Amino acid sequence: GNGLYFPDGTFIGTAAGTSTGITSPTDVALAADNDTDGSGVLTFSTNGSERMRVYNNGTIGVGTTSATSLFAIASSTATGTSGLFSVGTTTNTIFNVLANGNVGIGTTTPAQTLQVNGTNGTIRISDTGSAPNTWLDMSMTSSGLVAAIKSTQSPLIIGTTNTNQY
């Protein structure tokens, strides 16, 4: 039947049409609390330690019991250049956040606050609000650094400190 099976043979089946909120006999719901008093927390543990929890307000905490944002990740063991969070495929890391705060796109070991690696490692900064169609592209080529600037709103201004240089 449909449901959850546990290693000890315990089975939790479906219960369509009951107070679980399940509407189909093939659906399975895990519920820590099905009332509105706000007391329910669904926790996941391994090796005797809590690893993740889903709070009654929908926030998720991984490695923390006090998530302060919609999705929070914390680690008491990640330090320095160890990975804290990454996104990628099974063979390629696309985005990586280290415990020291460095962020890498196309690299698992960013040496700077933000490091972008790639065969066409272009960075675009664009304004979609007050100055639409304005952007700055920077990329590295075999000829060196290339910067392209487009602005339909204002002239190019290059400045140092508070003095504009034209």
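Quick caveat: nothing in here was measured; it's all calculated off a predicted structure.
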Revision key, fill the gap. Residue pairs meeting side-chain hydrogen bond (donor to acceptor under 3.5 Å, both in side chains), one or both in residues 93-113, sequence neighbours left out, come to none

Revision key, fill the gap. Sorted by chain and number, sequence neighbours left out, side chain to side chain donor-acceptor pair (under 3.5 Å) with N47 holds for none

Point to revise | Counterpart residues, side chain to side chain donor-acceptor pair (under 3.5 Å), relative to T77 (two or more places apart) | key: S75

Nearest 0.5 angstrom please: [X] [atom1] to [Y] [atom2], how far?
X: F85; Y: I73; atom1: CZ; atom2: CD1; answer: 4.5 Å
X: E50; Y: F44; atom1: CD; atom2: CZ; answer: 10.0 Å
X: R51; Y: T64; atom1: CZ; atom2: OG1; answer: 13.5 Å
X: N117; Y: I105; atom1: CG; atom2: CD1; answer: 10.0 Å
X: M52; Y: L42; atom1: CE; atom2: CG; answer: 7.5 Å

Practice item. Applying side-chain contact (heavy atoms from CB on, under 4.5 Å), run through R53 and T65 and close with a yes or a no. Key: CA-CA 7 Å; R53 65 172 44 200; T65 58; 4.1 Å; yes

Practice item. Would you confirm whether Y55, through its side chain, and L70, through its main-chain N or O, come within 3.5 Å as a donor-acceptor pair? Key: no

Check your understanding: Are the side chain of S45 and the backbone of G48 linked by a donor-acceptor contact shorter than 3.5 Å?
Key -> no

Practice item. Over all heavy atoms of both residues, which pair between G61 and A67 is shortest? Give the atoms and the distance, please. Key: CA-CB, 3.9 Å

Practice item. Over all heavy atoms of both residues, which pair between G104 and P110 is shortest? Give the atoms and the distance, please. Key: N-CG, 3.5 Å

**Study point:** Hydrophobic cluster identity match, I123 and V97, side-chain contacts under 4.5 Å
**Key:** yes

Point to revise | Single-linkage hydrophobic cluster V116~L98, side-chain heavy atoms < 4.5 angstrom | key: no

